Amino acid sequence: MAAALAAAKLAVDPTAGAAQIDYRNLDDDRPTRVEDAYPVERHAFEWILPWHFEAQAGAGRTHAIIPELSYGIFSNAQLGVKLAAAWLDENGRSNFGLSGVRVFGLYNFNTESPSLPAFSLRLDATLPVGELAASKAQVAVKALATRSWGRNRFHLNAAYTLNRVQRAAAVEGLPRWWAGAAVDRTLFRQSLLLVAETFVNKPETGGKAEVVGSLGVRYQLTTTSVLDFGVAQGFQSNRGPNPSLTVGISKAFALPGLMGGNRR
């Protein structure tokens, strides 16, 4: 009987089966920097609303809200756009404004097989929109790989920015380069994903590379919405440690009759 009800639900709403495991999808900064190598499903939309907080030793505090919309334009590919708004509290002075617009595309060249991991390339472009944005547009390329074993997955990401700026964005800027690794574990009965990562980040405007460690969770609230929470600790020898916190919610949806899955 349960199987028949599930089949009927999928016939009425083809997004349901994919959306019910959306908590497994590691998106950029949700809740960790490292993401998995899979795009959203074909013809599916994913709307994301995250809040990010960072405290830097001797450099004040930063709050950011970064709404994002992604679309599975065809099998194994997605396009997306982010709008970054930041509030900076530095030395008792506050500044609020836009910190740029980012557009991106991701293509999955290989779905995971017994012999090969999933592999994707992502292209990001930031536009200098707002007083807190970078001094000019930038473009970055990222390579992503994902390998599974049982309920666990291992991810590798590496990114490089192709051009330089004199002034970096307050938030959501592109670093000169960064590389990271993450491992996650799925708890199916609880609709919960646990993830841990570490990465090295080279700032765009100079300075030493920063090592960051992060922990995060993703929890399925409903069949189409996911809550994520992450904490991170970075270490910069010239400024000291900078803890950060991320909380977000996402919603998956699709136009009737269009969606076709390509997630694992």
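Worth saying up front: this structure is predicted, and the values here are computed from it rather than measured.
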Participant: Could you walk me through whether Ser225 and Lys251 pass the side chain to side chain donor-acceptor pair (under 3.5 Å) test, one step at a time?
Facilitator: CA-CA 4 Å; Ser225 59; Lys251 176 80 171 180; 5.5 Å; no
Participant: Is it the case that the side chain of Asn163 and the backbone of Val139 share a donor-acceptor pair, with hydrogens and angles ignored and the cut-off at 3.5 Å?
Facilitator: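 It does hold such a pair.
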Participant: List the steps and the verdict of salt bridge (charged side-chain N to carboxylate O under 4.0 Å, His left out) for Glu210 and Lys202.
Facilitator: CA-CA 6 Å; Glu210 179 184 29; Lys202 175 67 172 177; over 6 Å; no
Participant: Is the shortest side-chain heavy-atom distance between Lys142 and Leu144 below 4.5 Å?
Facilitator: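 When only atoms from C-beta onward are counted, Leu144 and Lys142 do touch, with a gap below 4.5 Å.
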Participant: Stepwise, does the side chain to side chain contact (heavy atoms under 4.5 Å, CB included) test hold for Arg33 with Ser214?
Facilitator: CA-CA 8 Å; Arg33 183 76 170 270; Ser214 309; 5.9 Å; no
Participant: In terms of side-chain geometry, is the basic nitrogen of Arg102 or Glu172 positioned less than 4.0 Å from the acidic oxygen of its partner?
Facilitator: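 Salt bridge: yes.
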Participant: Between Ser99 and Val171 (side chain of the first, backbone of the second, donor and acceptor by atom type, cut-off under 3.5 Å), is there such a pair?
Facilitator: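 Present.
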Participant: Determine the minimum heavy-atom distance between Pro31 and Gly216, stating which atoms define it.
Facilitator: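 Taking Pro31 first and Gly216 second, the nearest heavy atoms are CG-CA, 3.7 Å.
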Participant: Side chains of Arg164 and Arg176, heavy atoms from C-beta outward: is any pair under 4.5 Å?
Facilitator: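 Contact flag for Arg164/Arg176 side chains = yes.
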Participant: Is there a donor-acceptor contact under 3.5 Å from the side chain of Thr198 to the main chain of Val212?
Facilitator: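 Checked: pair present.
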Participant: Quick one: are Pro243 and Glu54 in side-chain contact, heavy atoms under 4.5 Å?
Facilitator: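 Sidechains of Glu54 and Pro243: no contact.
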Participant: Between the main-chain N or O of Val226 and the side-chain N or O of Arg218, is there a donor-acceptor pair closer than 3.5 Å?
Facilitator: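 Such a contact is absent between Arg218 side chain and Val226 backbone.
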Participant: Check step by step if salt bridge (charged side-chain N to carboxylate O under 4.0 Å, His left out) holds for Arg153 and Asp36.
Facilitator: CA-CA 9 Å; Arg153 298 184 304 167; Asp36 66 28; 3.4 Å; yes
Participant: Can you tell me how the ring of Trp87 sits relative to the ring of His63, calling it parallel under 30°, perpendicular over 60° and tilted otherwise?
Facilitator: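 Trp87 and His63: parallel rings.
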Participant: Give a yes/no verdict on a cation-pi contact between Arg122 and Phe104, requiring under 6.0 Å between NZ or CZ and the six-membered ring centre and an angle within 45° of the axis.
Facilitator: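 Relative to the ring axis of Phe104, which defines the angle, Arg122 lies inside both limits.
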Participant: If you compare all heavy atoms of Pro128 against all heavy atoms of Ala134, which two are closest, and at what distance to 0.1 Å?
Facilitator: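 Closest approach of Pro128 to Ala134: CB-O, 3.4 Å.
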Participant: Give a yes or no answer on whether the side chain of Asp22 reaches the backbone of Ser250 with a donor-acceptor pair at less than 3.5 Å.
Facilitator: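 A pair under 3.5 Å: no.
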Participant: Evaluate the side-chain proximity of Trp47 to Glu68: yes if any heavy-atom separation is below 4.5 Å, no if none is.
Facilitator: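 No - every pair of side-chain heavy atoms lies 4.5 Å or more apart.
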Participant: In sequence, state the C-alpha distance, the side-chain angles, and the governing distance for Asp184 and Arg24, and then conclude on salt bridge (charged side-chain N to carboxylate O under 4.0 Å, His left out).
Facilitator: CA-CA 9 Å; Asp184 67 47; Arg24 300 187 67 204; 5.8 Å; no
Participant: Using ring-ring contact (aromatic ring centres under 6.0 Å, His included) as the criterion, list what pairs up with Tyr219, not counting sequence neighbours.
Facilitator: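 Not a single residue meets the ring-ring contact (aromatic ring centres under 6.0 Å, His included) criterion with Tyr219.
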Participant: Okay, side chain of Asn108, backbone of Ala37: is any donor-acceptor separation there less than 3.5 Å?
Facilitator: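 Side chain of Asn108 to backbone of Ala37: a pair is present.
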Participant: Look at the side chain of Asn201 and the backbone N and O of Ala209, then say whether any donor-acceptor pair between them is shorter than 3.5 Å.
Facilitator: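 Not a single qualifying donor-acceptor pair exists.
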Participant: Evaluate Asn95 against Leu132 for side chain to side chain contact (heavy atoms under 4.5 Å, CB included), listing each step before the verdict.
Facilitator: CA-CA 9 Å; Asn95 192 8; Leu132 299 180; 3.4 Å; yes
Participant: Check ring-ring contact (aromatic ring centres under 6.0 Å, His included) between Phe109 and all other residues, then give those that pass, not counting sequence neighbours.
Facilitator: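 Per chain and number, Phe109 pairs via ring-ring contact (aromatic ring centres under 6.0 Å, His included) with Tyr107.
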Participant: Take Thr246 and Arg30, measure what side chain to side chain contact (heavy atoms under 4.5 Å, CB included) needs, and give me the verdict at the end.
Facilitator: CA-CA 8 Å; Thr246 298; Arg30 297 202 50 253; 5.7 Å; no
Participant: State whether the side chain of Gln78 and the backbone N or O of Tyr71 hold a donor-acceptor pair below 3.5 Å, judged by distance alone.
Facilitator: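 Here the side-chain-to-backbone pair does not exist.
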Participant: Specify the closest pair of heavy atoms between Ser148 and Glu112, including all atoms of both residues, with the distance to one decimal.
Facilitator: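 Scanning both residues, the minimum pair turns out to be N-OE2, 2.5 Å.
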Participant: Is there side-chain contact between Gln138 and Leu174, with heavy atoms separated by less than 4.5 Å?
Facilitator: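 Sidechains of Leu174 and Gln138: in contact.
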Participant: Are His155 and Leu26 close enough that some pair of their side-chain heavy atoms sits under 4.5 Å apart?
Facilitator: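 Yes, close enough: below the 4.5 Å cut-off.
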Participant: Without swapping roles, check the side chain of Thr222 against the backbone of Thr224 for a donor-acceptor pair under 3.5 Å.
Facilitator: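 Indeed, once roles are kept as given, a pair shorter than 3.5 Å links the two residues.
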Participant: So, do Val183 and Val195 sit near enough that their side-chain heavy atoms are less than 4.5 Å apart?
Facilitator: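 Side-chain contact under 4.5 Å: no.
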Participant: Quick one: closest heavy-atom pair of Ser135 and Val165, and the distance?
Facilitator: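 Smallest interatomic distance, heavy atoms only, reads OG-CB, 3.5 Å.
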Participant: Is there a side chain to side chain contact (heavy atoms under 4.5 Å, CB included) between Val101 and Thr126 once you walk through the steps?
Facilitator: CA-CA 6 Å; Val101 174; Thr126 59; over 6 Å; no
Participant: Evaluate the side-chain proximity of Ile48 to Asp27: yes if any heavy-atom separation is below 4.5 Å, no if none is.
Facilitator: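 The answer is yes, as the side chains (C-beta and beyond) meet within the 4.5 Å cut-off.
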Participant: Taking a hydrophobic cluster as the set of Ile, Leu, Val, Met, Phe, Trp and Tyr residues connected by side-chain heavy atoms closer than 4.5 Å, whether directly or through intermediates, do Leu106 and Val81 fall within one such cluster?
Facilitator: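 Different clusters: Leu106 never reaches Val81 through Ile, Leu, Val, Met, Phe, Trp or Tyr contacts under 4.5 Å.
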Participant: Checking Phe199 now: which residues fulfil ring-ring contact (aromatic ring centres under 6.0 Å, His included) with it, not counting sequence neighbours?
Facilitator: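 So Phe199 forms a ring-ring contact (aromatic ring centres under 6.0 Å, His included) with Trp178.
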